[in-house]
Amino acid sequence: MITTTAYSQEYADTTVKLDEVIIATTRLKDFSSGMKITTFDSIIIDKYRFSNTAELLSLSSSFFVKSYGNGSLATVSSRGTSAAHTGIFWNGININQPNIGLSDLSLIPVSLFESIELQHGGASSLFGSGNIGGSIQLKTSGMYQNELYSSVAGSYGSFGFYNSQAKLKYSSEKFFSKTGVFIGGADNDFEFRNYTKFDNPVEKQEHSRIKQQGFMQEFGKKIVNDQFINLSVWYHDVSREIPPYLTMAKSEAIQDDQSLRSILSYAKYYNKGSINLKSAYLINNTHYIDPSTEIDSRIYTESIITEIEGGKYIGENKKLQLGINATRNIAELDAYQEVEIQDQLALFLLYSHKFPVIKWEIAVNLRQELIDGYNVPFTPSFGSEGKIWKSIYARINISKNFRIPTLNDRYWIPGGNEDLLPESGWNEEIGLIFKFEKNKTFNNITNISFYNSVIDNWILWQPGNGFWRPKNIQKVWSRGLEASHLIKMERKGMTLSLSFNYAYSLATNEKKISETDLSYHKQLIYIPKHTGNIFTCFLFLSFEITYGHVFIGNTYMNTDNSKSLVPHDLGNLSIGKSLDLKRISFWIKAEVKNIWNSDYQTIQYMPMPGRAYYISLTMKLSK
Amino acid sequence: MRKVLLSILFLITLSIISGCEKNENSTNDNNGSILYETGVFVANEGLFPSGSGSISYFNRTTGSVVQDIFEKENNRPLGNIVQSMEVFNSRGYIVVNNASKVEVVQLATFKSVGVIDNLTSPRYFLGINNNKGYVSNWANQVSVVDLNNLNIIKNIQTGTGPDKMIKVNDKVFVLNIGGWSIDSTITVIDCNTDSVITTIQVAPKPDGVVEDKNGWLWVICSGHGWNGFPAPGDSEGHLMAINTDDYTIVTDIPFPNIDKHPEKLAINNTKDILYYNHPDGIFNFNISAGSLNALPLIQYTNAFYNIDFDVITGNIYASDPINYNQKGWIFRFNGSTGEKVDSFQAGIIPGNFCFE
């Protein structure tokens, strides 16, 4: 796997260190030949410690994030697909809610994780249903070494923003315990110019307050030298006022979300292989109230997931892995007639082969899912990557991917359709990577990918006869280019890093709904054709200056492309200083977000904040 | 260092190139100055809950259409869910439901002259006399508005979800469609005293009302339930005729299928043939007939969203919103034969018509 890491200490392929065990799936590490993977390690996670993953992805990746505002609903869209086409995984467990098939990225704080990996493009062969545009792999892990570490951090800023976190890690050679807690919120009472009213008055955003808190607790135990048990629990609680659109009179809507996620895992390592057992229990509880439309709705979902995987090295260069995944999803909603249960079983066989002489490798992944009520297609993938010449590498990947309808698609009253077919399609991509490294003081990586995929039976909710219902009505041809460039230079104690991403996404509808349907051959809504970002970091003495800039091109809001949101760009600047004493270190940072005071929207008629100021202090203690 | 600068230059170039991509706005088919006096106004709801609705203007003589005339003349969007438009005393009253307001324009120029605020999910406007008008609000009240200063004088409590209204002599009949729940009543208001006279019991979801040549009021009730999605508690539609003097139900014809609900009601220029919308198509009904027609007058591949009758051309107008997120179409049909005349494009989710 060739990864492009934003700020890693080294660019060479990493081998597993035995004292750091990640009880996460090894699938992405060992069987992703030919796939494009972007890694955010702990260094970059530290820079985003007061942010959620929506911000991290917008500023530093080619994944497009559609956001309703600071801390409001934010969903991801990769390579021209929808939010339900990107799986979100925590230590290999899919945490997308089964009723809607997606996750709210604003409810995933970056600071809870040790690393976050983005896998671009289809990966149903590795992870099953819903991974058509890509997947986000959140990872937590512990170290089995003698250590006592604690940190406290707090940030305050404009519009009533506050975020406080504390972490405590205790570990020995046979045991570790990691605790993280956080609490945060914002009033979001920013000012904006209301151009929908006569005279364009300046108004204050109302009814947009957010409050959230949560914790993550992990335990790990090493039994003998080759067996590990791990228990992780993640709780999150948020209460949000839903702000009005400019075209509405007001909003009284409120949404409360609570989630509790737990994973218990066991791993045993042999001389030439390993066995992994994982069991997860996920609960989501949502309460939505809107007095203006007399809605009071409750959503409760549960997922019980068990996965067993066994891997074996055959000789030095070949690995074979076999696995089985059993998942039960339960959903209880006011809009369903009764409590709905869906069972899934997946069988997968993965094979990877390295050719060290020519520096190439291949991976063949086969997966078959068996799901209640569906004829699920067989989803294989083939990938290969390696060195072409000197510092030029190439990769290729072909995969079949699918997504089953969500529980809402099947059971919502009215409209739910139990006869819906799964969406499916083939994805092909090739990539070129140029790596240049000069004695660790200069690093330069350029990564270019071309992808093409056709997804058929794409589900769209269509209105008619007084209510909406989902249909397998669209065929989407998604193709494009992703380019990224990383530079890191060190000279005389100063470090300059620069990362640059650009994506060109063409995603068009290739099926007419009716003769007069003007959406045929047109770009899908809320998929901008051009997106890009740049992030630069300059370190000298104990100071750090960072600047990030995002650019989003024209985005269509209507399926006939008759109206669009104008392109916009945003810049964020921060200056920080660290003070390192023997066992304690301090870090103070001042930040200006939207420094150019851009007046922009990512959702039509939903105002966004202008320039905002933040200050933060972090204290770390370690022994 | 050079590579860093090149990267930045590349990104800037990209920003410029992409920013230059043409912004497609809605098309304007008309050149020169426009008077919006005689023509057909289509109220396009806009995308719920975020988009802005609009008004399309169709000129019957030239056949040309102008889109977004309010935004064109006033440089600001109308707001979310443009439910209806009424013309009264040379002014246009545009009810913007989810923005809780009525935009008032001078009809000829379509320039804004004021806004009626403090409404609660308004649906329809009805002019009463030179000094007052009524606005029905789904929050169970009809607002009495002073047309000179556009202030609300009084709110009249009605049934649940007051919707369409019709004036017969000195009385206003308000259909209580049920809002977000259910109702089966019509509130009768004395428009001299602005107070409730009585409540008439009809069938669930009274959706359309017209007055015929005999002075009777015909009401179509959709009945409760989703088309093609039967559930317990559903009820069938009804077509009823009401005597406006003593409020008795003169005729009551139930619809045969409990999972096919009729809606909307229009009447022809001689006020003796009704038209209603139905999942099977657009049906006509002669007021002297004792039963419903078995077959529709007009059939189409998709169900129409709204229908109405234009007395000037004798045509039935029907709207097709396609996928509810692109420009919709208006079809015109001959009112007697049901043959298609022509069609023109409107805005997003074209709903109610206003014929001038």
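We use all heavy atoms of the structure for the numbers below, so side chains are in, but hydrogens, waters and symmetry mates are not. Everything quoted here is computed from the prediction, not taken from an experiment. Every chain is numbered from 1, with letters handed out A, B, ... down the list of sequences.
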Check whether M557(A) gets within reach of chain B through its side chain, its backbone, both or neither, counting any heavy atom under 4.5 Å.
-> backbone
Whether over 12 other heavy atoms sit under 6.0 Å from E252(A) CD | yes
Under 4.5 Å from any heavy atom of chain A - which part of S52(B) | both
OH/Y556(A) to CG/N325(B) distance, rounded to the nearest 0.5 angstrom?
-> 14.0 Å
Just wondering, do Y195(A) and N75(B) contact through their side chains at under 4.5 Å, heavy atoms?
-> no
Hey, is NZ on K475(A) packed in by over 12 heavy atoms from elsewhere, all under 6.0 Å?
-> no
Among the listed options S100(B), P77(B), A231(B), the residue most often paired with chain A at heavy-atom distances under 4.5 Å | P77(B)
Region of L518(A) in contact with chain B, defined by heavy-atom distances below 4.5 Å | both
Which one of M606(A), M248(A), Q337(A) has the most heavy-atom pairs closer than 4.5 Å to chain B?
-> M248(A)
Taking all non-hydrogen atoms of both residues, which atom of N227(B) and which atom of F467(A) are closest, and how far apart?
-> O-CE2, 3.2 Å
If you count heavy-atom pairs under 4.5 Å between each of N302(B), I322(B), D117(B), I348(B) and chain A, which one has the most?
-> I322(B)
Looking only at H261(B), R76(B), Q326(B), most heavy-atom pairs under 4.5 Å shared with chain A are made by Q326(B)
Please tell me if the side chains of Q474(A) and N323(B) come closer than 4.5 Å, counting only heavy atoms from C-beta onward.
-> no
Flag the one option from Y305(B), W180(B), F304(B) with the top tally of heavy-atom pairs under 4.5 Å to chain A.
-> W180(B)
Under 4.5 Å to a heavy atom of chain B? For I473(A) that would be neither
Examine whether an atom of W461(A) lies under 4.5 Å from a heavy atom of chain B, and if so say whether it belongs to the side chain, the backbone or both; otherwise answer neither.
-> neither
So does E203(A) have more than 12 non-hydrogen atoms from other groups sitting under 6.0 Å from CD?
-> yes
Greatest number of heavy atom pairs closer than 4.5 Å to chain A - which of P321(B), S50(B), G46(B), G228(B) = S50(B)
Considering only heavy atoms, which portion of Q462(A) lies under 4.5 Å from any heavy atom of chain B: side chain, backbone, both, or neither?
-> side chain
CG of N200(A): more than 12 outside heavy atoms within 6.0 angstrom?
-> yes
Let me see the working for T559(A) and Y324(B) under side chain to side chain contact (heavy atoms under 4.5 Å, CB included), right down to the final yes or no.
-> CA-CA 9 Å; T559(A) 55; Y324(B) 290 63; over 6 Å; no
